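As the structure is a computational prediction, the values presented were derived from the model and not from experiment. Each chain gets a letter, A, B and so on, in the order its sequence line appears, and its residues count up from 1.
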2 protein chains.
Amino acid sequence: MAKAHPSLDPTELGAYFALIEVSSLLRHSVEQQLREAGDLSYVQFQLLARLGDSPAGSHRMTDLADGVVYSRSGLTYQAQLLEQRGLITRTPSPNDERSTSVSITEAGRDVLTRVFPGHIAVLNELLFESLSPADVSMLGDVLGRVRDHMRSTPPRSAAPRRRKTE
Amino acid sequence: MAKAHPSLDPTELGAYFALIEVSSLLRHSVEQQLREAGDLSYVQFQLLARLGDSPAGSHRMTDLADGVVYSRSGLTYQAQLLEQRGLITRTPSPNDERSTSVSITEAGRDVLTRVFPGHIAVLNELLFESLSPADVSMLGDVLGRVRDHMRSTPPRSAAPRRRKTE
DNA sequence: ATCCATTGCTTCGAATCCGAAGCACAGAGA
DNA sequence: TCTCTGTGCTTCGGATTCGAAGCAATGGAT
């Protein structure tokens, strides 16, 4: 019904829908595993993982928020929870009094290692099982390109109607 | 740091991260466009789109929920909102008194057509601009396969421990 | 030195979301 | 017929989420 749009071709539509659907389903399953294995939400896991991966084991709040694609206020909330549980610490940055440096604690790393195997198991079961190494490689390549493009594109995407000084 | 996990190889990790990141960023941008163009959340748009695409223009609640990967209670909530705005109607199914049949209204279709061009514009700008037709095709193919696999996999993935009467 | 636009983060209120519990109907089986 | 289990949806309570507004510190510019 209704094909009178400046529509996408079926291939594009298919790719788009599949992308959304896969990420939604994957997220759900992962979320469940994380909840059971370490009582973590997906965002919390992402935060800990990022901190754990960082050489210094710490990041600024804003960088974390941008990294996981999350609102700043949302991050503040989650950081509070993680701090209460002793999985991270928050200290004002020495250089810049405004900024807060978030670091992962030993307990935080412990939770991470406790949760990791199951996490990977879910990914293998759900995501990688049906893909060949070549598929995975090309997926990473293509999506990586898209990500870079999105990251570099000016935040405001939607309405670039031409506009002079006016 | 910490590579002592039953880890994924870097290629897999890259694909996974890119997938999550792309879908998050895309979702954000789309959400924004939909909000501005038609005061719709992403879920609401998905629901309307699904109904609009359906030959009969209607679906059961449960099928909608499964389709868009959403909780049933969440769907009830969103359906209320859409019904209040006159974009859908809910009527008990004739065959099965338990089931609710959701249909899109004319007003609903109008909103859809009002919102569509911008939606597609965002997709083109953000998602397709950096991809060749071949990329899109492969993406759709690979992700489609993953989706089918996920859909066919028993809902409970992680812990299918055997369980008798106890 | 003083302003002031910017940046980093938090607080606030309202909207959204989910799972558990509840209600009503359906479809067996005895 | 009369259960009993399962299905479909909603209600409820609590947790999570976001954007707007607020506060504090920064880094120029005057």
Rounded to the nearest angstrom, tell me the gap between atom [atom1] in [X] and atom [atom2] in [N].
{"X": "B/E97", "N": "D/dT10", "atom1": "CD", "atom2": "C1'", "value": "16 Å"}
{"X": "A/R72", "N": "C/dC9", "atom1": "CZ", "atom2": "P", "value": "8 Å"}
{"X": "B/R27", "N": "C/dT16", "atom1": "CZ", "atom2": "C1'", "value": "12 Å"}
{"X": "B/Y42", "N": "D/dC18", "atom1": "OH", "atom2": "P", "value": "16 Å"}
{"X": "A/E83", "N": "C/dT10", "atom1": "CD", "atom2": "C1'", "value": "13 Å"}
{"X": "B/D63", "N": "D/dC9", "atom1": "CG", "atom2": "C1'", "value": "13 Å"}
{"X": "A/L40", "N": "D/dA15", "atom1": "CG", "atom2": "C1'", "value": "15 Å"}
{"X": "B/N95", "N": "C/dA26", "atom1": "CG", "atom2": "P", "value": "10 Å"}

Of all the nucleotides listed ([options]), which has the minimum atom distance to the side chain of [X]?
{"X": "B/H28", "options": "D/dC18, C/dC18, D/dC9", "answer": "D/dC18"}
{"X": "A/S73", "options": "D/dA25, D/dT11, D/dG19", "answer": "D/dG19"}
{"X": "A/T100", "options": "C/dC17, C/dT10, D/dT10", "answer": "C/dT10"}
{"X": "A/Y70", "options": "D/dT10, D/dC18, C/dC9", "answer": "D/dC18"}

Would you please confirm or rule out a distance under 4.0 Å between OP1 or OP2 of [N] and any side-chain N or O of [X]?
{"X": "A/Q44", "N": "D/dT16", "result": "no"}
{"X": "B/R60", "N": "D/dG8", "result": "yes"}
{"X": "B/Q80", "N": "D/dT10", "result": "no"}
{"X": "B/Y77", "N": "C/dC17", "result": "no"}
{"X": "A/S99", "N": "C/dC9", "result": "yes"}
{"X": "B/T62", "N": "D/dC9", "result": "yes"}

Original post:
Does a donor on one side chain and an acceptor on the other come within less than 3.5 Å for B/D96 and B/S93?
Top reply: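 B/S93 and B/D96 do not have a side-chain donor-acceptor pair below 3.5 Å.
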
Original post:
Hey, are B/R145 and B/D141 close enough for a salt bridge, meaning a charged N less than 4.0 Å from a carboxylate O?
Top reply: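 Salt bridge present between B/R145 and B/D141.
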
Original post:
Would B/D148 and B/R151 pass as an ion pair if we require N to O under 4.0 Å?
Top reply: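 So B/D148 does not pair with B/R151 through a salt bridge.
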
Subject >> A/R72 and A/D66: CA distance, side-chain angles, deciding distance, salt bridge (Lys or Arg N to Asp or Glu O under 4.0 Å) verdict >> reply: CA-CA 8 Å; A/R72 279 89 213 286; A/D66 287 347; 2.7 Å; yes

Subject >> B/A79 vs A/R98, nearer the 5' end of DNA chain D by closest nucleotide >> reply: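 Result: B/A79.
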
Subject >> 5' precedence on DNA chain D between A/V43 and A/D96 (nearest-nucleotide basis) >> reply: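 The residue mapped nearer the 5' terminus is A/V43.
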
Original post:
What distance separates B/H28 NE2 from B/S23 OG, expressed to the nearest 0.5 Å?
Top reply: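 Between B/H28 NE2 and B/S23 OG, I get 10.0 Å after rounding to 0.5 Å.
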
**OP:** Mind checking the CD-CG spacing from A/E106 to A/L87? Nearest 0.5 Å is all I need.
**Re:**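 Output value for this atom pair is 11.5 Å.
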
Original post:
Does B/Q33 offer a backbone N or O that forms a donor-acceptor pair with the side chain of B/E36 under 3.5 Å?
Top reply: no

**OP:** Give me the bend of the helix from C/dA1-D/dT30 to C/dA30-D/dT1, using the axes of the five pairs at each end, rounded to 10°.
**Re:**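 The angle, to the nearest 10 degrees, is 10°.
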
Subject >> B/Y16-A/H119 aromatic ring centre distance below 6.0 Å >> reply: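 Yes, the ring of B/Y16 comes within the 6.0 Å limit of the ring of A/H119, centre to centre.
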
Original post:
At under 4.0 Å between heavy atoms, what does A/L81 touch on the DNA or RNA strands: base, sugar-phosphate, or nothing?
Top reply: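 Sugar-phosphate, no base atom in range.
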
